[in-house]
Engineer: 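This is the structure, below, for whatever I ask next.
When reading the values below, keep in mind they use all heavy atoms of this one structure, side chains included, and skip hydrogens, waters and symmetry mates. Counting starts at 1 for both ligands and their atoms, in listed order.
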Amino acid sequence: MTEGGNADVHEDIDEILITAEEIDDKIAGLAKQITTDYLDRDLLLVGVLKGAFVFMADLARALRIPIDFDFMAVSSYGSATKSSGVVRILKDLDYEISGRHVLLVEDIIDSGLTISYLLRYLKARGPASLEICSLFWKRGQQTAPFDVKYPGFDIPPVFVVGYGLDYAERYRNLPYIGVLKPSAYAAD
Ligand code: IMP
Ligand code: MG
């Protein structure tokens, strides 16, 4: 329950698709694998804002190797729930990635347009290696194939919120991912 004029964000959720505990377990597994794979290489995590900030924070704290952080911010959605196909860079990298081992950390891959664009963009800057870790993946929705070395959950092609993912900038703070009640879209 919340007090004051704001409603409880949990009350706008119709169905929880993946619980906080399931997410924790998955991240522990991903972190173990990444820790092993990068034991002998300096790792730079590049998070894609805003959605990946929650995942990046939890993943980074589960890794047992030294890491550096950088962030990019991109906008890929024309409307709130449909991909526009146009990717705009809102914030570029702070550091050069030439010769670095880069792991691109994404919240979710839907059409794949955002990640394909970022891969091309980052490759052009000459990293020593470049891999993708995405917590959620709407498999089968991608227009072009690409390799996700560290995939989290396959989810159905429905619009989800929580754990960094938003609808109209809301619901990023939910600890799980879920589907909104139809009434939540109508509100505003
Ligand atoms: P793509 O370019 O279609 O792969 O979309 C990727 C970006 O769209 C993600 O980084 C998210 O910010 C956003 N996105 C895709 N699917 C969802 C969803 O179900 N809920 C919230 N945001 C989403
Ligand atoms: Mg978004």
Engineer: Would you say Tyr95 and Met56 are hydrophobically clustered, going by side-chain heavy atoms of ILVMFWY under 4.5 Å?
Structural biologist: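 No; tracing contacts between hydrophobic side chains, which count when under 4.5 Å, never links both residues.
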Engineer: Below 4.0 angstrom from a heavy atom of Leu165, which ligand 1 atoms are there? Numbered from 1 as shown, please.
Structural biologist: 21 (C), 22 (N)
Engineer: With a heavy-atom distance limit of 4.0 Å, tell me whether Ile108 approaches ligand 1 through its side chain, its backbone, both, or neither.
Structural biologist: both
Engineer: What verdict does the side chain to side chain donor-acceptor pair (under 3.5 Å) test give for Asp12 and Tyr185, after you've listed the backbone C-alpha separation in whole Å, the side-chain angles of each residue and the deciding distance to 0.1 Å?
Structural biologist: CA-CA 9 Å; Asp12 286 343; Tyr185 292 105; over 6 Å; no
Engineer: Distance-only criterion, 3.5 Å: show the donor-acceptor pairs between side-chain atoms of residues 43-53 and protein atoms not counting sequence neighbours.
Structural biologist:
{"residue": "Lys50", "atom": "NZ", "partner": "Glu169", "partner atom": "OE1", "Å": "2.9"}
{"residue": "Lys50", "atom": "NZ", "partner": "Glu169", "partner atom": "OE2", "Å": "3.4"}

Engineer: Could you tell me which atoms of ligand 1, counted from 1 in the order shown, lie closer than 4.0 angstrom to a heavy atom of Thr114?
Structural biologist: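 It comes down to these atoms of ligand 1: 1 (P), 2 (O), 5 (O), 6 (C).
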Engineer: Determine whether a donor-acceptor pair (N or O, by modelled atom type, separation under 3.5 Å) exists between the side chain of Ser134 and the backbone of Trp137.
Structural biologist: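 Answer holds: no.
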Engineer: For ligand 1, is any non-hydrogen atom under 4.0 Å from Gln142's backbone (N, CA, C, O), its side chain (CB onward), both, or neither?
Structural biologist: neither
Engineer: Geometry only, no angles: is Gly112 polar-contacting ligand 1 at N/O separations under 3.5 Å?
Structural biologist: yes
Engineer: Val160: heavy atom below 4.0 Å from ligand 1, yes or no?
Structural biologist: yes
Engineer: Are Tyr176 and His10 an aromatic pair by the rule of ring centers under 6.0 Å?
Structural biologist: yes
Engineer: With sequence neighbours left out, what residues match Tyr150 under ring pair (Phe, Tyr, Trp, His ring centres under 6.0 Å)?
Structural biologist: none
Engineer: State plainly whether the residues Arg139 and Asp154 are in salt-bridge range, i.e. N to O under 4.0 Å.
Structural biologist: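 Yes, charged N to carboxylate O under 4.0 Å.
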Engineer: Under 4.0 Å from any heavy atom of Phe159, which atoms of ligand 1 are there?
Structural biologist: 17 (C), 18 (C), 19 (O), 20 (N), 21 (C), 22 (N)
Engineer: Would you kindly specify which portion of Val87 sits under 4.0 Å from ligand 1, judged on non-hydrogen atoms: side chain, backbone, both or neither?
Structural biologist: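 No part of Val87 comes within reach of ligand 1.
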Engineer: For the side chain of Lys181 and the backbone of Glu11, is there at least one donor-acceptor N/O pair under 3.5 Å apart?
Structural biologist: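 Looks like yes, one N/O pair under 3.5 Å.
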Engineer: Side chain or backbone of Glu106 under 4.0 Å from ligand 1, or both, or neither, by non-hydrogen atoms?
Structural biologist: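 For Glu106, the contact with ligand 1 is made by the side chain alone.
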Engineer: Which ligand 1 atoms are under 4.0 Å away from a heavy-atom of Leu113?
Structural biologist: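 This gives 2 (O), 4 (O) as the contact atoms.
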Engineer: Centre of Tyr167's six-membered ring, under 6.0 Å away, within 45 degrees of the axis: is that where NZ or CZ of Arg170 sits?
Structural biologist: no
Engineer: Pull out every atom of ligand 1 sitting under 4.0 Å from any heavy atom of Val158, numbered as shown with elements.
Structural biologist: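 Under 4.0 Å from Val158, ligand 1 has these atoms: 19 (O).
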Engineer: If hydrogens are left out, which of Asp107, Asp110, Leu17 has an atom nearest to atom 10 (O) of ligand 1, that is, the closest non-hydrogen atom?
Structural biologist: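 Nearest heavy atom to atom 10 (O) of ligand 1 lies in Asp107.
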Engineer: Could you list the atoms of ligand 1 found under 4.0 angstrom from a heavy atom of Ser111?
Structural biologist: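 Ligand 1 atoms under the 4.0 Å threshold to Ser111: 1 (P), 2 (O), 3 (O), 4 (O).
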Engineer: Is the shortest distance from a heavy atom of Lys50 to ligand 1 less than 4.0 Å?
Structural biologist: no
Engineer: If you measure from the Lys or Arg side-chain nitrogens to the Asp or Glu carboxylate oxygens, is any gap between Lys138 and Asp110 under 4.0 Å?
Structural biologist: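 Between Asp110 and Lys138 there is a salt bridge, with a charged N closer than 4.0 Å to a carboxylate O.
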Engineer: Mark up the atoms of ligand 1 that fall under 4.0 Å of a heavy atom belonging to Lys138, in ascending order.
Structural biologist: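 Within the 4.0 Å cut-off of Lys138, ligand 1 contributes 16 (N), 17 (C), 18 (C), 19 (O).
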Engineer: With a cutoff of 4.0 Å, is Asp166 in contact with ligand 1, counting heavy atoms of the residue only?
Structural biologist: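 Yes, Asp166 has heavy atoms under 4.0 Å from ligand 1.
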